[in-house]
> 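Just passing along the structure, written as structure tokens.
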Amino acid sequence: MPELIQPVRGTQDYYPEEMAVRSWLYAKMREVSEAFGYQEYDGPFLERFDLYAAKSGAEIVEKQSYVFEDRGGERITLRPELTPTLARMVAARQRQLNYPLRWWSFGPFWRYEKPQKGRTREFFQWNIDLIGDDSPEADAELATIAATFLKNVGFKPTETQVLVNNRALMQTELEALGIPSALRSSVFGLIDRKDKLSSDAWQKYGTELGLDATQLMGIEALVGNQDLWKKSESLQRFFEAIAVQGVGEYVHFAPHIIRGLDYYTGTVLEAWDTAGEFRSIFGGGRYDDLVNAVGGDPVPAVGFAVGNVVISLLLEALGHSPAINKAPAPIYVTLFDKHQVPDSLQLATELRAAGLKVTSHLSPDKLPKQFRQADRVGARLVLILGPEEIQNKTVSVKDLGSGDQRVLPRAEAAYYIKHWLEGKKPA
RNA sequence: GUGGAUGUAGCUCAAUUGGCAGAGCACCGCACUGUGGAUGCGGUGGUUGCGGGUUCAAGUCCCGUCAUCCACCCCA
């Protein structure tokens with residue numbers, strides 16, 4: 001036997017059980033997106049390297065992207081995120097589009113990282129964006145969508161939360177502390193690490209950035225101030241809109257949320273499991289300068305992205321995994337012996353023509369084996385077409401759940417079986 | 001990219017100071033030639049991740065390599 005070829009590191013095989021979860025998530029994403037009037041779109045999986053240069057986080061572009069040269073000598077990148085593509089698409093048709101745009105997408109992305117729990121090199125993301133509206137209500141709509149999604153997949157407010165902050169507010173506060181704007185990006189990094197570093201290490205890091213003790217104390221006070229949002233008119237309106245839309249339990253202000261990507265300009269949001277045992281479930285925010293950065297006129301935009309990996313792990317850990325539909329077909333047609341092949345296939349065909357989902361057993365195995373197979377694939381009704389039934393123009397039907405068995409006239413079998421599946425047993 | 005842990009049957013795991021590679025589950029068969037799940041009995045299944053070294057003898061010790069996991073980094 002030849003050696004088994006290993007899958008590419010960091011990729012995931014989706015066996016039917018895993019695929020069922022992915023499809024279920026996709027369906028939930030579609031449901032929530034459409035409930036808020038968003039349209040599905042997609043971009044190419046390959047983009048020019050230049051699209052990401054200086055627009056995404058430096059780490060993502062320089063270290064984590066799959067970059068290669070194609071046969072024509074172009075530097076091509078497997079997309080590590082969707083937002084630059086979205087900005088490019090908007091910029092390309094800027095005058096033809098009706099704003100605000102409400103767009104969503106679900107597809108694969110690639111990042112060359114060290115695989116760990118909740119982090120793969122190939123993963124799927126739901127992206128949803130509202131483009132052309134700079135109001136706090138637009139930010140709140142995205143946060144509401146995020147909260148609705150968490151709710152719809154089964155998470156309770158005690159299990160997962162959407163945490164929100166505003167970079168503009170933080171920037172104003174940092175300026176009030178006398179922190180120069182040149183340090184803004186690195187100070188955001190410092191805030192991001194507040195929970196991750198020990199107090200001493202954090203102080204030391206801050207000092208190295210050039211901050212004095214008063215400024216560090218000021219930042220600490222900021223990050224600990226749960227009422228800070230009240231200073232921002234934008235966040236006041238944001239939380240008002242959140243409350244009205246009934247998702248206040250899920251959405252909370254969190255001054256330490258700042259996000260790593262450079263292109264965020266205002267509201268930023270992340271979702272976490274409240275126990276803090278997993279990576280962030282999703283992240284996003286307002287990026288008003290990005291369309292301009294890829295060559296379009298300035299357009300305000302806000303959006304977020306959800307990866308499929310962490311949320312799948314979390315669903316499983318909290319017992320919210322969807323019941324997977326093992327049986328694509330509730331009807332199982334056995335094959336009595338090789339002489340009945342044409343009759344059995346015809347029976348299955350008739351039932352399918354009547355709109356039923358039917359699996360045909362194709363090899364003349366012993367009936368016990370066929371029943372076991374039917375049971376394993378999760379069929380509800382097993383049909384037997386043997387010499388007796390053919391003689392009498394009937395078909396025997398057994399309900400695997402209850403054990404009931406009836407003999408039905410062949411001509412009306414589809415009619416009775418439909419009713420049987422709906423819970424009404426034939427007399 | 002840095003540091004650490006672990007790789008034994010399809011799965012979960014055993015195997016004393018180096019001394020015949022095992023169990024449960026799963027799978028297959030029989031009891032039961034027109035009826036699944038339950039029970040009993042039997043059976044298949046392994047180059048111990050891969051490569052090298054030490055040794056009379058390696059799953060066990062040493063080196064390398066690959067993979068997985070964990071903590072950093074970053075992030076979905």
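We name chains A, B, ... by the order of the sequence lines, and we start the count at 1 in each one.
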> Between A:Lys366 and A:Asp337, is the salt bridge (Lys or Arg N to Asp or Glu O under 4.0 Å) condition met? List the steps.
CA-CA 8 Å; A:Lys366 291 175 180 175; A:Asp337 66 36; over 6 Å; no
> Figure out the CG/C1' separation between A:Leu313 and B:C70, and round it to whole Å.
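Distance, rounded to whole Å: 14 Å.
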> Answer with base, sugar-phosphate or nothing: what part of the nucleic acid does A:Glu113 contact at a heavy-atom distance below 4.0 Å?
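Touches a base.
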> What is the distance from CZ of A:Arg372 to C1' of B:G29, rounded to the nearest Å?
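Interatomic distance, CZ of A:Arg372 to C1' of B:G29: 9 Å.
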> How far, in whole Å, is B:U2 from B:C11 if one measures between their P atoms?
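B:C11 and B:U2 have their P atoms separated by 31 Å.
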> Checking all strands, does A:Glu389 fall into the base, sugar-phosphate, or nothing category for heavy-atom contacts under 4.0 angstrom?
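If one applies the 4.0 Å heavy-atom cut-off, A:Glu389 turns out to touch a base.
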> Could you give the CG-to-C1' distance, from A:Asp13 to B:A67, as a whole number of Å?
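About 14 Å, once rounded to whole Å.
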> Given atom NZ of A:Lys369 and atom P of B:G34, what is their separation to the nearest angstrom?
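Interatomic distance, NZ of A:Lys369 to P of B:G34: 17 Å.
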> If you measure from the P atom in B:A38 to the same atom in B:C20, how many Å do you get, rounded?
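Pairwise P distance, B:A38 against B:C20, rounds to 37 Å.
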> Using the P atoms only, state how far B:G59 lies from B:A15, rounded to an integer number of Å.
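To the nearest whole Å, 15 Å.
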> B:U35 C1' sits how many Å from A:Arg406 CZ, rounded?
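It works out to 16 Å between those atoms.
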> On the side chain of A:Glu270, is there an atom forming a donor-acceptor pair with the base of B:A76 - under 3.5 Å, no angle test?
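Result: no qualifying N/O pair found.
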> Please report whether the ring centroid of A:Trp229 lies less than 6.0 Å from that of A:Phe239.
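Close enough - the centres of the two rings lie under 6.0 Å apart.
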> How far does the P atom of B:U35 sit from the matching atom of B:C30, given to the nearest Å?
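Here B:U35 and B:C30 have their P atoms 13 Å from each other.
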> Nearest to the side chain of A:Arg9 - B:A76, B:U35, B:A67?
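From the listed options, B:A67 comes nearest.
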> Any donor-acceptor pair under 3.5 Å between the side chain of A:Lys114 and the base of B:U2?
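Between B:U2 and A:Lys114, which were checked side chain against base, a qualifying N/O pair under 3.5 Å is present.
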> Do NZ/NE/NH1/NH2 and the carboxylate oxygens of A:Glu249 and A:Lys156 come within less than 4.0 Å?
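A:Lys156 and A:Glu249: not salt-bridged.
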> Which listed nucleotide (B:G34, B:C27, B:C75) is nearest to the side chain of A:Arg111?
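It is B:C75.
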> Output the rounded distance in Å from CG (A:Asp365) to P (B:C32).
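Checked: the CG to P distance equals 20 Å.
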> Distance alone, cut at 3.5 Å: any donor-acceptor contact between the side chains of A:Tyr14 and A:Gln12?
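Indeed, the side chains of A:Tyr14 and A:Gln12 share at least one donor-acceptor pair under 3.5 Å.
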> With a 4.0 Å cut-off, would you call A:Arg410 and A:Glu389 a salt bridge?
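Looking at A:Arg410 and A:Glu389, the cut-off is not met.
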> Does B:A76 have OP1 or OP2 sitting under 4.0 Å from an N or O in the side chain of A:Arg259?
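Yes.
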> For B:U47, give the paired nucleotide (Watson-Crick: N1-N3 plus N6-O4 or O6-N4; G-U: N1-O2 and O6-N3; both under 3.5 Å), or none.
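Paired with B:U47, as far as the under-3.5 Å criterion goes, is no nucleotide at all.
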> Which whole number of Å gives the distance between the C1' atom of B:A58 and that of B:C72?
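The answer is 36 Å between these two C1' atoms.
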> To the nearest angstrom, how far is A:Glu388 atom CD from B:U35 atom C1'?
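Taking CD of A:Glu388 and C1' of B:U35, I get 13 Å after rounding.
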> Look at all strands and tell whether A:Ile311 reaches a base, only sugar-phosphate, or nothing, counting heavy atoms closer than 4.0 Å.
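No contact.
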> Suppose we define a pair by two distances each less than 3.5 Å, Watson-Crick or G-U wobble; what does B:U6 pair with here?
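For B:U6, the partner nucleotide comes out as B:A67, under the 3.5 Å rule.
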> Identify whether any heavy atom of A:Arg279 sits under 4.0 Å from a base atom; if not, whether one sits that close to sugar-phosphate; answer base, sugar-phosphate or nothing.
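Contact class for A:Arg279: base.
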> Classify A:Gln116 by what it touches in the nucleic acid, base, sugar-phosphate, or nothing, heavy-atom distance under 4.0 Å.
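Here A:Gln116 touches the bases of the nucleic acid.
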> If we take the C1' atom in both B:C56 and B:G18, what is their distance in whole Å?
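Those two atoms are separated by 12 Å.
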> Starting from C1' on B:C75, measure out to CZ on A:Phe304 and report it in whole angstrom.
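Value for this atom pair: 17 Å.
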> Would you call A:Arg111-A:Glu81 a salt bridge at under 4.0 Å N-O?
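No, A:Arg111 and A:Glu81 are not salt-bridged.
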> Which one is paired to B:G59, where only Watson-Crick or G-U wobble pairs with both distances under 3.5 angstrom count?
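No nucleotide pairs with B:G59.
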> Quick one: look up who B:G24 pairs with, Watson-Crick or G-U, both distances under 3.5 Å, and put none if it's unpaired.
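With both distances under 3.5 Å, B:G24 matches B:C11.
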> For the side chain of A:Lys117, starting at C-beta, report the closest nucleotide among B:C69, B:C75, B:U68.
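Comparing B:C69, B:C75, B:U68 against the side chain of A:Lys117, the answer is B:C69.
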> Counting heavy atoms not belonging to A:Tyr415, are there more than 12 under 6.0 Å from its OH?
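Counting neighbours around OH of A:Tyr415, 12 or fewer heavy atoms of other residues, nucleotides or ligands fall under 6.0 Å, so no.
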> Under 4.0 Å, heavy atoms only, any strand: does A:Arg119 hit a base, just the sugar-phosphate, or nothing?
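Contact class for A:Arg119: base.
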> Of the candidate nucleotides B:U35, B:A76, B:G34, which contains the atom at the shortest distance from the side chain of A:Lys398?
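The answer is B:U35, which lies nearest to the side chain.
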> Stacking between A:Phe123 and B:A76, defined as ring centres under 5.5 angstrom apart with planes under 30°, is that present or not?
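Stacking is present between B:A76 and A:Phe123, given that their ring centres fall under 5.5 Å apart and the planes under 30°.
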> Pick base, sugar-phosphate or nothing for A:Phe124, based on heavy-atom distances below 4.0 Å to the nucleic acid.
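Answer is nothing: A:Phe124 stays at 4.0 Å or more from every strand.
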> Within less than 4.0 Å of OP1 or OP2 of B:C30, is there a side-chain N or O belonging to A:Lys366?
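Checking A:Lys366 against B:C30: at least one side-chain N or O falls below 4.0 Å of OP1 or OP2.
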> P atom, B:C25 versus B:C41: distance in rounded Å?
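B:C25 and B:C41 have their P atoms separated by 11 Å.
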> On a plain distance test, is the side chain of A:Gln405 in donor-acceptor contact with the base of B:U35 below 3.5 Å?
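Counting by modelled atom types and ignoring angles, a donor-acceptor contact under 3.5 Å is found here.
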> By the 4.0 Å heavy-atom rule, please label A:Ser280 as base, sugar-phosphate, or nothing.
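Counting heavy atoms under 4.0 Å across all strands, the contact made by A:Ser280 is with sugar-phosphate only.
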> Can you tell me if A:Trp420 and A:Glu422 form a side-chain donor-acceptor pair at under 3.5 Å?
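Looking only at side-chain atoms, A:Glu422 and A:Trp420 do not form any donor-acceptor pair under 3.5 Å.
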> Given the C1' atoms of B:G24 and B:A9, what is the spacing between them in whole Å?
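My reading of the C1' atoms in B:G24 and B:A9 gives 12 Å.
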> Table please: side-chain donor-acceptor pairs of residues 283-296 of chain A below 3.5 Å, with sequence neighbours left out.
from	atom 1	to	atom 2	distance (Å)
A:Arg286	NE	A:Asp139	OD1	2.9
A:Arg286	NH1	A:Asp133	O	3.4
A:Arg286	NH1	A:Asp288	OD1	2.8
A:Arg286	NH2	A:Asp133	O	2.9
A:Arg286	NH2	A:Asp139	OD1	2.8
A:Tyr287	OH	A:Asp129	OD1	2.6
A:Asp288	OD1	A:Ala301	N	3.0
A:Asn292	ND2	A:Gly296	O	3.1

> Base, sugar-phosphate, or nothing: which does A:Ala374 touch, judged by heavy atoms less than 4.0 Å apart?
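Here A:Ala374 touches no strand at all.
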> 5'-most contact on RNA chain B: A:Asn308 or A:Val8, nearest heavy atom basis?
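Upstream on the strand: A:Val8.
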> Please figure out whether A:Tyr112 or A:Thr11 has its closest RNA chain B nucleotide nearer the 5' end.
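Looking at RNA chain B, the more 5' nearest nucleotide goes with A:Tyr112.
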